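These notes are about the structure you will find just below.
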Amino acid sequence: MGRYLNPGNVLFETALNSQIYVDKSGLISYTNRVLRSEQRYICVSRPRRFGKSMAANMLASYYGRGVDSKSQFEHLRIGEDASFEQHLNQYHVIFLNMQEFLSATHNVEKMIMRIEKNLLKDLKRSYPDVDYMDEDDLISVLYDIHAENGIPFVFIIDEWDCIFRENKHDQQIQKLYLDFLRNLLKDKAYVVLAYMTGILPIKKYGTHSALNMFDEFSMTNPKQLAEYVGFTESEVRELCRRYEIDFEETKRWYDGYCFENAGHIYSPRSVVSAMLSRSFDNYWNQTESFEALREYIVMNYDGLKDTVIELLAGTHQKIDISAFSNDMTTFSSADDVLTLLIHLGYLGYDYSTGEVFIPNSEIASVFVTAIKNVGWQEIINAVRKSDSLLKDTWNKNAEAVAKGIEEAHFETSILKYNDENSLACVVSLAFYSARAYYTEIRELPAGQGFADIVYLPRKNHQDKPAMIVELKWDKSAEGAIEQIKKKKYVKALEDYQGNLLLVGVNYSKDSKAHQCVIEEVSEW
């Protein structure tokens with residue numbers, strides 16, 4: 001074994017020995033299927049603490065020669081796969097952590113020289129008797145070793161994109177780095193698999209990429225690898241059962257990344273921290289500070305502030321991700337900034353609808369902290385006053401509720417306020433603190449229509465009344481209450497046992513005033 005050539009299985013053993021290990025070895029079934037094929041180039045991009053390095057260590061342990069890793073894998077999911085023993089410890093693994101090399105050199109040219117020097121040292125130590133055509137040329141040496149023994153190489157490159165994160169503005173060294181990777185990997189007979197991990201997808205220059213042979217599995221479209229982005233809902237349910245933690249509260253805090261091929265996906269680091277500490281908290285800030293988010297939401301692109309406010313109000317917003325250059329500096333629109341936030345994990349993305357959203361309560365709290373520090377005082381005022389507004393609603397103080405929503409409207413007047421949808425955004429933001437007690441549901445199918453906003457108390461807050469909020473634009477609050485009754489919206493809550501508040505809200509475009517009517521229903 002060497003330091004970079006066949007580094008062994010100790011790091012994966014550390015993951016297996018951890019208090020919580022969630023089996024993601026099914027990933028190997030996919031990589032086994034694409035070995036030696038056109039699909040053997042894989043680039044996986046995820047936010048920090050989403051298990052990228054663990055997966056890289058797992059692949060190194062499984063494929064690498066010089067160790068026997070059967071005992072690590074035979075009881076995992078891959079152990080049941082027909083390809084399990086065929087590829088186990090059968091290849092040379094070259095494992096490169098690019099952040100390690102960059103931190104040691106602080107210079108991309110020196111970094112590449114260091115990589116080549118260290119790999120050549122490992123390779124020639126392991127194969128001293130090969131007749132090398134050019135023993136100082138890395139690619140030539142790889143070809144010679146492969147020709148000598150017929151054993152191809154698995155390349156695993158962790159933190160591949162650190163160059164683009166730490167040298168954001170230097171396109172010359174970025175291109176130099178991409179050319180190095182392309183020359184090392186593309187169309188090389190000695191490459192049986194190349195697996196790269198990072199936060200960003202592969203950098204695009206114009207319409208082309210130097211690494212266009214890679215299939216990308218990103219936060220916008222993880223495709224077949226969606227279940228390996230984070231923890232699946234079934235995995236989180238099992239952890240909650242094992243640690244006797246409330247699943248619904250776990251879901252509220254850490255759910256939200258939803259993919260077509262995997263359903264709901266949870267932030268792994270945050271779930272593990274909550275299980276082990278038995279405490280729901282914002283663990284995101286332990287790996288990413290709010291300053292990282294603040295840097296991007298203050299960018300002066302048309303519509304960006306409006307969209308951030310609407311996202312905080314709980315809406316989904318359609319964006320175009322196609323123009324994003326996959327770096328942290330090349331922005332031409334608000335959509336480019338929002339696309340970066342998807343890759344950083346601050347936003348979820350629905351590939352089928354092309355919409356972004358704030359995924360969960362943990363990330364929403366990071367947005368609120370960031371907004372406090374960018375001078376958006378009007379939004380913070382609306383959030384701060386939401387506690388009083390919620391209490392006034394529980395006390396059926398309709399006049400105070402109307403006044404509170406009106407103040408929230410003026411506080412958030414940046415939003416276009418001309419229909420029931422924009423009114424719903426203001427109401428949702430005005431009731432921001434309700435998320436601590438309720439599940440908020442927009443457009444809930446109910447009776448003979450759709451209730452605008454329904455607040456259902458979560459399991460540990462059953463003492464709070466459920467609320468059906470119906471909104472009207474330039475009509476009447478009384479009419480909103482009548483619609484709830486006439487269209488039998490309460491039928492959607494047949495399984496709910498407890499008090500129910502009907503809340504009708506109207507906005508008059510002439511008087512610029514809000515009206516509210518609140519009725520309590522104890523039986524239905």
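What you see below is based on every heavy atom in this structure, not just the backbone, and it leaves out hydrogens, waters and symmetry mates. What you see is a predicted model; the values in this text were computed from it and never measured. The first residue in the sequence is number 1, and the count goes up from there.
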Is it true that [Y] and [X] share a donor-acceptor pair across their side chains at a distance under 3.5 Å?
| X | Y | value |
| --- | --- | --- |
| Tyr283 | Ser277 | yes |
| Ser270 | Glu362 | yes |
| Ser508 | Asp510 | no |
| Gln483 | Tyr489 | yes |

Verify, without hydrogens or angle tests, whether [X] (side chain) and [Y] (backbone) share a donor-acceptor contact under 3.5 angstrom.
| X | Y | answer |
| --- | --- | --- |
| Ser273 | Arg269 | yes |
| Glu80 | Leu76 | no |
| Asn360 | Gly256 | no |
| Asn499 | Pro465 | no |

Problem set entry | Close aromatic pair by centroid cut-off 6.0 Å: Trp394 and Tyr437 | yes
Exercise. Hey, do the aromatic rings of Phe217 and Phe259 have their centres closer than 6.0 Å?
Worked result: no
For this session: Please step through side chain to side chain donor-acceptor pair (under 3.5 Å) for the pair Asp335 and Ser333, ending with a clear verdict.
Result: CA-CA 5 Å; Asp335 284 356; Ser333 68; 5.0 Å; no
Distance from [X] atom [atom1] to [Y] atom [atom2], nearest 0.5 Å?
| X | Y | atom1 | atom2 | answer |
| --- | --- | --- | --- | --- |
| Asn326 | Ser218 | CG | OG | 8.0 Å |
| Ile319 | Leu347 | CD1 | CG | 7.5 Å |
| Arg49 | Met54 | CZ | CE | 13.0 Å |

For this session: Take Asp320 and Ser322 through the test side chain to side chain donor-acceptor pair (under 3.5 Å) and record every step on the way to the result.
Result: CA-CA 6 Å; Asp320 179 7; Ser322 62; 2.7 Å; yes
For this session: Compare every heavy atom of Met98 with every heavy atom of Glu159, then report the nearest pair and how far apart it is.
Result: O-CB, 3.4 Å
Problem set entry | Ile380 versus Val368, closest heavy-atom pair with distance | CD1-O, 3.8 Å
Between [X] and [Y], does any side-chain N to carboxylate O distance fall below 4.0 Å?
| X | Y | answer |
| --- | --- | --- |
| Glu406 | Lys403 | no |
| Glu482 | Lys472 | no |
| Lys251 | Glu248 | no |
| Lys486 | Glu470 | no |

